[in-house]
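Every chain is numbered from 1, with letters handed out A, B, ... down the list of sequences. Side chains are part of it too, since the values below use all heavy atoms of this structure and drop only hydrogens, waters and symmetry mates.
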Amino acid sequence: MSDQLLQLLFTGLTLGSIYSLIALALVTTFKVTGILNLAQGEFVAIGALLAISLYATGIPMFAAFILAIILVAIMGGCLERAAIHPARRASGLTLIIITLGLSISLRGLALLIWGTDTYSLPAFSQGGPLIIGGAVLNPQSFWILGLAVITLSVLYAFLGLTYAGKAVKAAVINRTAARLVGINPNTISFWAFVGSGALGAAAGIFIAPVTMSTYDMGFMLAIKGFVAAVIGGLNNIGGAVLGGLLLGVLESYSAGLISSGLKDGLAIIILLVVLMVKPHGILGLLGERKI
Amino acid sequence: MWSKSLLWPAVILLFLALPFVIDSNYYLSILIVIGLYTIIVQGLGILMGYAGQVSFGHAGFFGLGGYTVAILTTRFDWSPVFALIAAVILPGLIAAIIGRPTLKLRELYLALGTMGFGILIHTLFNEGRELTGGPSGISGIPYLSIGGLSFDSDIKFFYLVWAVVLLVLIGINNLIRSRVGRALRAISESEHAAETAGIDTGKLKLKAFIFSALLAGLAGGLYAFYITFISPSPFGFHTSVQFVLMAVVGGLGTFLGPLLGAALVVLLGELLRWVIPLVIPGAGGEYEIIFFGLILVFLMIFRPKGLGAFGKNLKPPAVKPSVAPE
Amino acid sequence: MLLEVQGLTKHFGGVAAVRDVGFEVSEGTIFALIGPNGAGKTTVFNLITGILRPDSGFIHFLGKPLDGLKPHQVSAAGITRTFQNLQLFNGMTVLENVMTGAYLNGKTGFVRSLLRMPGINAEDKLISKQALTLLSEVGLESVADIPAAALPFGQQRLLEIARSLASGPRLILLDEPAAGLNSAETKTLAIFLKKLKQNGLSMVLVEHDMETVMEVADRILVLNFGEGISEGTPAEIQADPEVIRAYLGEDDQIA
C-alpha cells in the first residue's frame with residue numbers, strides 16, 4: 001500500500017512539475033503585462049509537435065528541441081507584436097478575448113499541420129525504470145523534474161541578479177516609475193511572450209515521451225496551469241510552482257485511489273473551490289515574498 | 001414620423017414571410033439556429049452589457065436546458081411542455097446557487113470561474129453515462145407539442161423560435177426602460193454611485209445572471225426539441241466563447257446587438273465553410289477555426305465595442321473607480 | 001443627534017488613514033471636514049457609507065449603528081453622497097441620472113419590469129415628474145434630456161448633488177462639491193446648500209474652498225494626518241493657532 005502511495009506521489013510530482021512550468025509562464029506574463037494568456041497551452045502543444053516533427057526529419061534530438069523552442073519563442077514574440085501590442089490600452093476583457101482568439105487560431109493551425117493523429121517521442125535517456133523504495137520511476141520523470149528545477153533557478157537568478165531582471169521587477173511594481181528610469185514596459189511585455197513561448201515549448205517537449213501529443217492537448221494543460229496559478233494567487237511565482245505540484249499530486253492520488261475519470265474534473269473543482277473560498281489564492285502566506 | 005413607425009412592422013412581416021421564399025431547409029435551419037443563439041445572447045447581453053459581468057460558461061446553461069429536455073422526455077416520459085419548463089427553471093436554480101459566490105469575483109477571476117463552471121458541466125455530460133448517455137448522447141427526443149400543435153417541421157419551428165425571440169426582445173425592451181433597467185445601466189457605469197443610489201448591486205447582478213441562465217436554458221430546451229438528439233459536443237467551452245463573441249460583436253449595451261451578433265457570427269461561420277474550399281481547394285474545417293480565431297482577434301483590436309454601434313452605445317464596465325484614501 | 005461618529009480608526013497597510021476621529025452632526029446643520037490633502041477626509045466618507053469597514057469605532061445614525069451595512073443599505077437608512085471624482089452615469093440622460101438616484105422611491109422589480117405590468121408607467125411618470133422638479137431647483141431642467149457626459153463640468157457637479165437628493169435622504173455627504181467650479185458657480189453652490197439646509201436637510205461637507213466652508217458650515221472639524229486636531233464654529237477654527245500651523249506651507253487661505 002505504501003509502495004503505491006509513493007508511486008502515486010512520484011507520478012503526481014512529475015505531472016505537477018509540468019503544471020508548475022505552465023503556471024510559471026502564465027504568472028510571469030500576468031505580473032509583467034496584466035494579461036492572462038489563454039494561448040499558453042497552445043505554446044506547449046505546438047512546441048511538442050514541432051519538436052517531434054523536426055526530430056522525424058532526422059536531425060539530432062537535441063537540435064530538434066532547441067530549434068522547436070526557438071521557433072515557438074519567436075512565435076510568441078510575433079503574436080505579442082501583432083495582437084497584444086496594438087491593444088495594450090484595452091480593457092482586461094478585451095485582452096483576454098484576444099488571447100482566446102489566438103488560442104483558437106493556433107489550435108486550428110496545429111490541426112491543419114498535424115491533423116488529429118497522436119504523436120510521441122522516444123525517452124530522452126536509455127535504460128529501464130528505476131526502483132526507489134518500492135516505487136517504479138520512469139527516467140523521463142527526472143528530466144521533467146530537472147527542467148522544472150533548472151527553469152525556476154534560472155528565473156530566480158535572472159530576476160535577482162541581472163540588470164534586466166531587476167528592470168522586469170521594477171516594471172511589475174510600477175509601470176510609470178519603470179518608464180521614468182528608462183525601462184520600457186512594452187519591451188518587457190514582448191520578452192514575456194517570447195519567454196512564455198520558450199518555456200511552454202520546453203514543457204511540451206519534456207512531457208512528449210510520457211504522454212501522447214495531439215493538436216488539442218494545450219487546452220486541458222492550460223486549464224491545469226490556470227488552476228495552479230490561481231491556487232498560488234495568480235501573481236505569485238512561488239505560489240504557482242507549489243500550486244502546480246499540489247494539483248499534480250492531488251490528481252495523481254485521486255486517479256490512483258478513486259477513479260481515473262475524475263482527473264480532469266478535479267482540477268476544475270479545485271479551481272471553483274479556490275475561487276469561491278479564497279479568490280486570491282490559498283498559498284498567499286506561503287509565498288508572500290514577491291519577485 | 002409615420003414612416004418610422006411603419007418600419008418595424010414591415011421588417012417583421014418581411015421576416016415572417018421568409019419561410020415561403022426560402023425553399024431550402026438549409027437556410028431555414030440557419031435562421032432557426034440564429035434565433036436560438038439570439039435568445040441566449042440577449043440574456044448574456046444583459047449580464048455583460050448592463051450588469052457588467054462576463055460569463056465564459058453559458059454553454060453550460062445552454063446544455064443543461066437541452067439535457068433537461070432530453071432526459072425528462074426520453075427517460076421519465078415527461079410531457080414536452082413540462083420538460084421545457086423544467087429546462088428553463090433548472091439552469092436558473094443552478095445559476096442562483098453558484099451565482100452568489102461567483103459574482104463576487106472580479107474580471108479575470110470571474111472569467112476563470114465561469115469558464116470552470118462551463119467545463120465542469122460539459123465534463124458531467126460526458127461522464128454521467130447513466131443519465132446523459134456519455135459522448136454518444138441521447139436520441140429519440142419527441143417533437144415539442146403544445147396543446148395538440150406539434151412542432152414537427154422546420155417551418156413550424158422557425159415561427160416558434162422567432163416568436164420566442166420577439167417576446168424576449170419585447171421583455172428586454174421593457175426591462176431596459178424601467179427602474180430596474182436604469183439600475184442595471186447604473187451598475188455598468190459606476191458601481192459605487194449605483195450603491196449610493198440605494199441599488200443592491202450584488203443582488204441585481206445575481207438576478208441578471210439568473211435571467212441569462214434561464215434564457216440559455218430555454219434556448220437549450222428548444223434546441224433539443226428541434227434536433228431531437230443531444231450530445232455533449234455542442235456545449236463545450238468553444239460554444240461559450242462563441243456566445244461572448246456574439247454579445248461583443250453586436251455591441252454591448254445595445255438593444256439589437258445580440259440579434260446582430262448572433263446573426264453575424266453564425267453567418268460568418270457558414271460563409272467560411274462555403275468560401276474557404278473555393279479559395280483554398282481541399283481545405284477542411286481547420287481553416288474555419290483559424291479564421292474564427294483571427295476574426296476574434298482583429299475585432300478586439302479594431303472594434304472592441306462591437307459592430308453594432310448604432311443605437312445607444314453604453315460604455316464597457318468602468319474601470320474600478322478610486323475610493324482609495326485621498 | 002443625527003449622526004454620531006466616535007473613535008473612528010482605519011489603517012491602510014500599517015498607516016493610519018483615520019485615527020480616533022469623532023464628531024456629531026445635529027439635524028438641519030452643515031458640518032464641514034477640512035484639512036490638507038491626505039488628511040483622511042474622503043476615507044471618513046467611505047467609512048460612513050460602508051465602502052470601507054472601520055478597524056474600530058462607532059458610527060450611529062439616528063441612534064442606530066451603521067456598522068456592517070453595505071453602501072446601498074446606508075443609502076436606504078437615509079445617507080447619500082457625492083464623489084470627489086464625479087461618478088455620474090455618463091451614458092444616461094440628465095433626467096435618467098436623477099431618476100436612478102430615486103431608485104429607492106420605486107418598487108418595480110425585475111419580473112414586473114420585464115412584463116411591464118400595470119402600474120409601472122404610473123410609477124415611472126411620478127418619479128420622472130419628481131426628478132424634473134428637482135432638476136428645476138438646480139437649474140438643469142432645460143438639459144434634462146441630454147446625456148450627462150455632455151454637460152459642462154460645473155453642471156455635472158450640480159447634477160451629482162441633485163442625484164444624491166433624489167431619494168429624499170436625511171443627510172448627504174458632499175465630497176468637494178466646489179472643486180473645479182469657477183467663482184460664480186461656487187457662489188451659486190453656497191446659496192443652494194444654504195437653501196437645502198433651510199429645507200431641513202443636513203450635510204457633511206468636505207471642501208478645500210475655505211470661503212465656502214466658512215460661509216455655509218455651522219461646525220467644522222479639522223483633520224491632519226488622519227487625526228482631528230480642532231473642532232468648533234468657523235470663527236473658533238479661524239482663531240485656532242493649531243489649525244494655522246497645520247495649514248502653514250500647505251496654503252494660506254485660512255490666515
Side-chain angles (χ1 to χ4, degrees), chain A residues 30 34-36 38-39 42 79 82-88 90-116 215 219-220 223 226-227 229-230 234 259 261-262 264-277 279-280, chain B residues 48 52-54 56 98 100-102 104-124 126-127 129 236-238 240-242 244-245 248 252 283-302 304-305 315-319:
Chain A
F30 181 67
I35 295 167
L36 193 60
L38 295 185
E42 275 58 49
L79 292 177
I84 305 293
H85 185 75
R88 63 195 177 282
S91 73
L93 179 62
T94 303
L95 285 164
I96 215 175
I97 296 179
I98 288 177
T99 65
L100 204 55
L102 292 178
S103 146
I104 293 168
S105 287
L106 289 176
R107 212 177 312 149
L109 191 68
L111 177 63
L112 183 67
I113 299 173
W114 287 284
T116 51
Y215 81 98
F219 179 63
M220 223 44 220
I223 300 273
F226 293 137
V227 178
V230 167
L234 211 54
S259 148
L262 213 69
D264 286 350
L266 181 78
I268 301 292
I269 292 169
I270 293 175
L271 172 74
L272 292 175
V273 168
V274 172
L275 285 176
M276 303 292 153
V277 180
H280 300 293
Chain B
M48 289 178 66
Q53 308 296 303
V54 68
F56 281 111
I98 67 159
R100 198 166 278 277
T102 308
K104 279 188 187 150
L105 305 172
R106 286 187 175 272
E107 270 212 348
L108 281 178
Y109 292 93
L110 181 64
L112 284 177
T114 49
M115 178 173 98
F117 164 76
I119 295 170
L120 186 65
I121 295 285
H122 188 236
T123 313
L124 290 179
N126 266 315
E127 300 292 326
R129 281 164 209 282
F237 179 59
H238 184 73
S240 289
V241 176
Q242 255 188 336
V244 171
L245 176 67
V248 175
L252 286 177
E286 304 88 338
Y287 286 96
E288 242 176 275
I289 303 177
I290 298 174
F291 277 103
F292 178 79
L294 287 180
I295 288 163
L296 199 59
V297 172
F298 280 115
L299 201 71
M300 285 298 107
I301 294 175
F302 298 109
K305 284 186 180 168
K315 287 201 303 185
V319 191

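- Neither the backbone nor the side chain of F302(B) comes within less than 4.5 Å of any heavy atom of chain A.
- Note that OG1 of T123(B) and CD1 of I268(A) are 6.0 Å apart. Values are rounded to the nearest 0.5 Å.
- Only the side chain of I96(A) comes within contact range of chain B, with heavy atoms under 4.5 Å apart.
- Note that CD1 of I119(B) and CD1 of I223(A) are 3.5 Å apart. Values are rounded to the nearest 0.5 Å.
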Worksheet entry | L112(B) and L36(A): CA distance, side-chain angles, deciding distance, side-chain contact (heavy atoms from CB on, under 4.5 Å) verdict | CA-CA 10 Å; L112(B) 284 177; L36(A) 193 60; 3.9 Å; yes
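- For the atom pair I98(A) CD1 and I301(B) CD1, the distance stands at 5.0 Å (nearest 0.5 Å).
- For A82(A), the part sitting under 4.5 Å from any heavy atom of chain B is the backbone (N, CA, C, O) and nothing else.
- Between L272(A) and G113(B), the closest heavy-atom pair is CD2-O, 3.2 Å.
- In this structure, no portion of L106(A) lies under 4.5 Å from any heavy atom of chain B.
- Contact count against chain A (heavy-atom pairs under 4.5 Å) is highest for F237(B) among F298(B), F292(B), F117(B), F237(B).
- For a residue to count as touching a neighbouring chain, one of its non-hydrogen atoms must lie under 4.5 Å from one of that chain's; by this rule F56(B) touches chain A with the side chain only.
- Closest of all the heavy-atom pairs between G116(B) and L271(A) is CA-CD2, 3.9 Å.
- Rounding to the nearest 0.5 angstrom, the gap separating the CE atom in M300(B) from the CG atom in L102(A) is 12.0 Å.
- Contact annotation for F30(A): only side-chain heavy atoms (C-beta onward) come within less than 4.5 Å of a heavy atom of chain B.
- Proximity to chain B (any heavy atom under 4.5 Å) is shown, for I97(A), by both the backbone and the side chain.
- Note that CG of L100(A) is 9.5 Å distant from NE2 of H238(B), once rounded to the nearest 0.5 Å.
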